[in-house]
Amino acid sequence: LISFARDPGDGDMPEPDSLEHYGDGLLWLKGQQIHAVGHFAELSPSLPKGAEVLDYRDKLIMPGFIDTHVHYVQLDIMASYGRQLLDWLNDYTFPEECRFANHAHAEALSNAFLDEMLRAGTTTAQVFGSSHPGSVDAFFTACQKRQLRMLVGKVLMDRNAPEALMDGASGIADSERLIEDWHGTGRLGYSVTPRFAPTSTKTQMDAAGALLRNDPTLWLQTHLAENSGELDWVAELFPGSRDYLAVYEEAGLVGPRSTFAHGIHLDNGMRKRLAERGANIAFCPSSNLFLGSGLFDREAAKQTGMAFTFASDIGAGTDLSGFGTLKAAYQVGQLGGQPLTAWQGFYGLTLGNAKALSLDSHIGQLAPSLEADFVVIDTQATSLLSRRISHCTTLGERLFALMMLADDRAIYETWAGGICQHRRDEV
Ligand code: GUN
Ligand code: FE
């Protein structure tokens, strides 16, 4: 059983008391919550008579993985060949998102996406729908049925997109209706979702900012500085703003609950402004490699105090798995001379992402009174993994082997809200 209590630091060894590791752990659930965590021998005598005890000997239990930036409506365009961002949006993404006008399609894809996400060990995500409000109703409904903690929003897009996807003035009214119906209902939260600066008018972005001012418990998700063609386009569309980030600042979109996907092409001034506002950049390594967008600079983020999170960014990402995201993050890091430790990786996927989304009072650790969202990992899932792990002598080596070599097959079970949501087929 492994759970981080705070940031383990950048060293080869985690900082003292940043990590709890029980070789013989007991995770005691009561309803939807964690009741206690500790050594089996110490805790088990106080279990009530008749308590159901599940034996996961030889398995590793960790908090459920969190994905801070993903598009459920792009599940079926993963692995679309040969384009960089702006052409990829026009040629693949926008046509696909048009299909979400159909409610039955939105329902089917919501469930397909959640099945895949849980199979990969992810229990919470911050998710883009399409511009159709029904796509978000369908997704929230599917999450509510499964009692998942999830953040979702309807894409706001009132220019520079196909007619069928643009929302105009109804975009804000539809967002308000979705907030009213869903935000704070059970484990669900609403994330205001202007797609990115090129597809929203100044009027729409200002109105999105007004929603956030009215209710500081809302989240904000958008894209920032992903691709060089995008940067040129934003400079052309907003000649009065000093840089890309300023466009969002002027609309009141930059705050402690704001997630900006990518943030590859930033200078230290912008990084410091993001740090001052407490916003986070979603680092989406498999997407950045797939679209050829560039290499995120973790070292610059650290130097300027800018928070970053780990995310898949499906459908531009190539892997829904948290393991796959960490593997790509390691590869991106290596190209910049910044190898990612397994401690940083797994801390980021769990407590780090939870903190950046202000969800750490609910999820991100295995600790009493937190919600029972966790993964049961099978380190013997494949012969290759089993072989490599048998040659590891330390926990750090085992975690690093998982981050580089594991996939869905290593997720034995995924639990959320105290419910076993996914159990792997026998391998
Ligand atoms: N920028 C604007 N929209 C998108 C999107 O759907 N995916 C990615 N990766 N970047 C974007
Ligand atoms: Fe994205």
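Whatever order the structure lists ligands and atoms in, that order sets their numbers, starting from 1.
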Any idea how Phe140 and Tyr190 line up, ring-wise: parallel (<30°), tilted (30 to 60°), or perpendicular (>60°)? tilted

If the plane angle is over 60° it's perpendicular, under 30° parallel, otherwise tilted; pick one for Tyr244 and Tyr248. tilted

Has Cys284 got an N, O or S atom lying less than 2.8 Å from the Fe ion (ligand 2)? no

Proximal ligand 1 atoms for [X], defined as those under 4.0 Å from one of its heavy atoms:
| X | value |
| --- | --- |
| Phe196 | 1 (N), 2 (C) |
| His71 | 5 (C), 6 (O), 7 (N) |
| His262 | 9 (N) |

Protein heavy-atom partner closest to [atom] - residue, atom, separation in Å:
| atom | result |
| --- | --- |
| atom 10 (N) of ligand 1 | Glu226 OE1, 2.7 Å |
| atom 9 (N) of ligand 1 | Asp313 OD2, 2.8 Å |
| atom 6 (O) of ligand 1 | Arg195 NH2, 2.7 Å |

Trace of the salt bridge (Lys or Arg N to Asp or Glu O under 4.0 Å) decision for Lys355 with Asp7: CA-CA 10 Å; Lys355 276 183 188 285; Asp7 191 324; over 6 Å; no

Check the pair Glu250 / Arg242 against salt bridge (Lys or Arg N to Asp or Glu O under 4.0 Å), numbers first and verdict last. CA-CA 10 Å; Glu250 286 155 12; Arg242 75 162 149 153; over 6 Å; no

Taking heavy atoms and a distance under 4.0 Å, where does Thr199 meet ligand 1: side chain, backbone, both or neither? neither

Taking heavy atoms and a distance under 4.0 Å, where does Trp88 meet ligand 1: side chain, backbone, both or neither? side chain

Without hydrogens or angle criteria, can the side chains of Thr259 and Asn280 be said to hold a donor-acceptor pair below 3.5 Å? yes

Whether the His183 and Thr217 side chains hold a donor-acceptor pair (N or O, under 3.5 Å, no angle test) is what I'd like checked. yes

Compute the minimum heavy-atom distance from Glu230 to ligand 1 and say whether it is under 4.0 Å. no

What's the OD1-the Fe ion (ligand 2)-NE2 angle here (Asp313, His69), rounded to 10 degrees? 90°

Taking Tyr330 for its side chain and Thr325 for its backbone only, find out whether a donor-acceptor pair lies under 3.5 Å. no

So among Tyr56, Phe65, Tyr412, Trp415, which one has a ring-ring contact (aromatic ring centres under 6.0 Å, His included) with Phe374? Trp415

